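Here is the structure we will look at.
Chain naming here is simple, since letters A, B, ... match the order of the sequence lines and numbering starts at 1 in each. Note that the structure is a prediction, hence the values are computed from the model and not measured.
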There are 2 protein chains.
Amino acid sequence: MRKTVSVSLDEFDRKILDAVQDDNLSPLRLIADKVGLSVPAVARRLQRLRETGVIEKDISVVDQDLVGRPLTLIVEVTSESERLELLDAMRERFRACPQIQQCYYVTGQVDFMLVFNVRDMEEYTALTRQIFFEGGNVESFRTFVVMDRVKTGMRTVVG
Amino acid sequence: MRKTVSVSLDEFDRKILDAVQDDNLSPLRLIADKVGLSVPAVARRLQRLRETGVIEKDISVVDQDLVGRPLTLIVEVTSESERLELLDAMRERFRACPQIQQCYYVTGQVDFMLVFNVRDMEEYTALTRQIFFEGGNVESFRTFVVMDRVKTGMRTVVG
DNA sequence: CGTGAAAAATGTTTCGG
DNA sequence: CCGAAACATTTTTCACG
């Protein structure tokens, strides 16, 4: 059983997705104006986009600086063993760590790419011990300190 | 004039932020129940959190697979020159590219970390030519293909 | 800050085309 | 599938404790 790999979206759907990826609290009336449909039409389409999972979720994004987590780090992790259970255990460890905002399993010379979001270096080094050294199966890791978050977010091009 | 580096959040604010980072379309009544406040209190706090910028924006997240952009790549870019204008030009190029979902300027052996989101390898290689080769000031880049998006999103720990 | 209720805005459903 | 109108829900505002 496989996930549906595509859904049919027309130009209206794309415009709606474009709008709500910027602001999903905007009144339907405004979206309706922008895309050239009536409010009920937009409502129906949004409902369908949510039911089918095209719109995965609706969330607030908080400013990490203003809540005291100004530091972002990107970390490449290379594992010792590629054994499935061990890799899965790592995945789970990373997923469970709240300060790890993003985790990708990748091909190539490294195995995982992580994005950390922490209060300061002290918190990071402490986490490092916990999930890299004590966690197990980590051969090495390389840390990049983010100096400028040039572009962030989860926006997807729907064009 | 500098940006305020912190705001005072009490336990209620944190719980509210935690809730809306999961679902910002949830009726205030439900959030109120969850955090133990009245609806008007939650409304007031949310309004303030938005005014002060703690809540940066409110958005829908779309499923990249379902809209035909299943491929994610992470790319390390090393620049030729560190001259400010040239780095700024690169920033702008990356920011302007819709398929570049995220761009970080980092310390260390590489200068930029990029997250691409594209339809297929063909689209990626084409982009590569455009913004790396023709764009200028790129000494080298290293591509990691994402096999599993273990954890994604922009969630920030407010605890 | 809580309550309660009224007012305004928004979202949803119905139904004819 | 669209849109207009009726309908339902949610959000906002306010007085008062």
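- Dashed line: the shortest gap from a side-chain N or O of A:Arg45 to OP1 or OP2 of D:dC2 is under 4.0 Å.
- Contacts of A:Pro27 with the nucleic acid, taken as non-hydrogen atoms under 4.0 Å apart, involve only primed sugar atoms and P, OP1 or OP2.
- In this structure, A:Leu28 places its CG atom 15 Å from P of D:dT10, rounding to the nearest Å.
- Nearest to the side chain of B:Pro40, among D:dC1, D:dT13, D:dG3, sits D:dT13.
- Residues A:Asp111 and A:Ser79 bring a donor and an acceptor atom of their side chains to less than 3.5 Å of each other.
- Rounded to whole angstrom, the span from the CD atom of A:Gln47 across to the C1' atom of D:dC1 amounts to 14 Å.
- Nucleotide C:dT10 holds its C1' atom 12 Å from the CG atom of B:Leu25, rounded to whole Å.
- Aromatic ring pairs are classed by plane angle as parallel below 30°, tilted from 30° to 60° and perpendicular above 60°; the pair B:Tyr105 and B:Phe112 is tilted.
- Distance CG (B:Leu46) to P (C:dC1): 12 Å, rounded to an integer number of Å.
- With 3.5 Å as the limit, one finds no donor-acceptor pair spanning the side chains of B:Asp58 and A:Asn24.
- Remark: C1' of D:dT12 and CD1 of B:Ile31 are 15 Å apart, rounded to the nearest angstrom.
- At whole-Å resolution of the value, CG in A:Leu37 and C1' in D:dG3 are 10 Å apart.
- Residue B:Arg44 places none of its side-chain N or O atoms closer than 4.0 Å to OP1 or OP2 of D:dT12.
- Ring centers of A:Tyr124 and A:Phe116: under 6.0 Å apart, within the cut-off.
- Following rounding to the nearest Å, B:Glu11 (CD) and C:dC1 (C1') show an atom-to-atom distance of 17 Å.
- For B:Asn24 and D:dT10, the CG to C1' distance is 14 Å, given to the nearest whole Å.
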